[in-house]
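Since the structure comes first, as structure tokens, the remarks are kept for the end.
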There are 2 protein chains.
Amino acid sequence: MADPRYRQIAEALRRQIEGGELRHGDQIPTELELREIYDASRNTVRDAVKWLIARGLVETRPGQGTFVVEKIDPFLTVVESVAGFGAGEGTASYASEVAAHRRKATVSDPRIEVHQADTYVAGELGLEEGALVISRAQRRYIDGTPWSLQTSYYSMRYVEAGARRLIEAVDMPSGVLNYLAEDFGIEQGTWRDRIVVRPPDGGEAFFFKLPDNGRIAVLEIHRTLFEKSGIPLRLTITTYPVDRNEFVMTGGETSL
Amino acid sequence: MADPRYRQIAEALRRQIEGGELRHGDQIPTELELREIYDASRNTVRDAVKWLIARGLVETRPGQGTFVVEKIDPFLTVVESVAGFGAGEGTASYASEVAAHRRKATVSDPRIEVHQADTYVAGELGLEEGALVISRAQRRYIDGTPWSLQTSYYSMRYVEAGARRLIEAVDMPSGVLNYLAEDFGIEQGTWRDRIVVRPPDGGEAFFFKLPDNGRIAVLEIHRTLFEKSGIPLRLTITTYPVDRNEFVMTGGETSL
DNA sequence: AACGATTTGTTCGTATGTATC
DNA sequence: TGATACATACGAACAAATCGT
């Protein structure tokens, strides 16, 4: 009784959704019908629907109606395999992510930029702020739907040492790390991950086709990879929409 | 011009907030003042404020006003240290998380329960669904504010093998893993992490004092730790409110 | 292609309740 | 206790999107 009317109506609908009476994709009663069912004004039932929207339970489609949101099949992302078998690189581990669910992964050719490192990138790569870095940004899709954005930052010193393919806008299926290891003897060592959940910016919201309902977020995994010597090799920032992914990381000592 | 009035007002306020004219904690104009400033009805300016609330930019306090939300100092959580130095256990790694920022960490005594494993727990621990498991649940605080909820699940076989302290409701500062290793020779091996972002349930919202504005989420890290032999040792689920944490994980091969 | 019916979106007005100082 | 500020609720009108005829 203490609860306001719009909350009572919203909770009643929520019970129907979570109880299975209204299933994913179903249309819920129209505002006019809800007005009669609960004997409330249209504005009040609209407040109830807004409360459900804010919690991601329903979505409205102008001219059509209000629908229970589709549950998205979570996709399992393997971020790391067992230590000692090497940090999975680029396309290789990405393909293995997809294999588990037999979906088709595609990767855009990288967009290459050379620019000055901001405070964060410089700090992670152990460079002076403003030092030149190469960024390689790729869009990754699964079954044609946008799945993640990935940008890797490298110090210019690898290019100066001859690794010119770093600044070529071509995907390296065998991996940048293999290229650096085989041709230049640069071996990877430890890595460090940082996980951040934050609201998306406009470009991300557009790329991931995120609804503009305020309850959305993206998850970022920042991986700083070091050379065997301990020098930072690269920083990779991968951005995922939070509603489409589960992440699995494996590591630690292994008995194999 | 195409945008509705409430959006225009909301965007104007958003620019003032992000541009620094309105700072964190500041009160924004009252609804009556906004009504005069933008020459709109009270309901319209309220719609604008609701839009800002949904995006986490402001919060309302009945009887007081509407305020720009305080930016929370992100706390750096070290989830894993370098492989080969062992998966950081309970209190030990938790204390090290806190040390970096000189904050005071406290942990509640665990709430112990013996119950039947559901599908997920049974699957992770390699048990039959319905098999008996021990759960040890703790609340963790930093400087007195709730910081995370942690529940660990163990198979009953460790208790049957004599590890009776597993079912005692006392915090083990030296760690459960040390106890199992030193007294019973059970050594830890690989681990696997799963990361999930989801809406909080009622208990979590209460514990973390999360505002009921629909845009909140919690981040769960599920760590399945294996014995050296490959048998699952325990499943630990740690739940964090997403607005208070950043996570750092380190691992991989090390050159030390 | 045009139209009408349906449904949600926006905006206003108004009244009353509740929380805080 | 009164003043201020946000919360809830109702009614009304028109706009915009969608769909079927």
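What's counted below: heavy atoms across the whole structure, side chains too, no hydrogens, waters or symmetry copies. The chains referred to below are lettered A, B, ... by the order of the sequence lines, with proteins before strands, and numbering in each begins at 1. All figures in this text were calculated on a predicted structure; none of them were measured in a lab.
If you look at A:F67 and A:H24, their ring centroids are not closer than 6.0 Å.
Distance, A:N43 CG to C:dG9 C1': 11 Å, rounded to whole Å. Here the P atom of nucleotide C:dG17 and the CG atom of A:D3 are 18 Å apart, to the nearest Å. If you measure from atom CD of A:E31 to atom C1' of C:dT10, you get 12 Å, rounded to the nearest angstrom. Going from atom CG of A:L32 over to atom P of C:dT7 covers 7 Å, rounded to whole Å. Rounding to whole angstrom units, CD of residue A:E36 and C1' of C:dT7 are separated by 14 Å. Whole-Å rounding puts the B:W51 CH2 to C:dT10 P distance at 12 Å. As rounded to whole Å, 16 Å separates atom P of C:dT6 from atom CZ of A:F67.
At C:dG9, one or more side-chain N or O atoms of A:T60 fall inside 4.0 Å of OP1 or OP2 (strictly under the cut-off). An OP1 or OP2 oxygen of C:dC12 is reached within less than 4.0 angstrom by a side-chain nitrogen or oxygen of B:T44. Dashed line: the shortest gap from a side-chain N or O of A:R42 to OP1 or OP2 of C:dT8 is not under 4.0 Å. Between A:T66 and the phosphate of C:dT8, there is a side-chain N or O to OP1/OP2 separation shorter than 4.0 Å.
B:R46 comes within 4.0 angstrom of a base, heavy atoms only.
Listed nucleotides C:dT7, C:dG9, C:dT10 differ in distance to A:T30; the shortest reach to its side chain belongs to C:dT7.
Sparse packing is recorded around CZ of A:R35, with 12 or fewer heavy atoms of other residues, nucleotides or ligands lying under 6.0 Å away. Within 6.0 Å of CG in B:D39 there are 12 or fewer heavy atoms belonging to other residues, nucleotides or ligands.
Residues A:R35 and A:Q64 both approach DNA chain D. Their nearest nucleotides, taken by heavy-atom distance, put A:R35 toward the 5′ side.
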For the pair A:Q138 and A:S108, evaluate side chain to side chain donor-acceptor pair (under 3.5 Å) and give the outcome as yes or no after the intermediate values. CA-CA 6 Å; A:Q138 287 181 303; A:S108 73; 5.4 Å; no

Could you list the donor-acceptor pairs under 3.5 angstrom formed by side chains in residues 202-209 of chain B, with sequence neighbours left out?
residue: B:E204; atom: OE1; partner: B:R198; partner atom: NH1; Å: 3.1
residue: B:E204; atom: OE1; partner: B:R198; partner atom: NH2; Å: 3.4
residue: B:E204; atom: OE1; partner: B:D201; partner atom: N; Å: 2.9
residue: B:E204; atom: OE2; partner: B:R198; partner atom: NH2; Å: 2.7

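Under 4.0 Å is where a charged nitrogen must lie from a carboxylate oxygen, and between A:E113 and A:R136 no such pair does. For the pair B:R7 and B:E11, the salt-bridge criterion is met [side-chain N within less than 4.0 Å of a carboxylate O].
Chain A approaches DNA chain D within less than 4.0 angstrom (heavy atoms of the protein), and the contacting nucleotides run 5' to 3' from D:dT8 to D:dC19.
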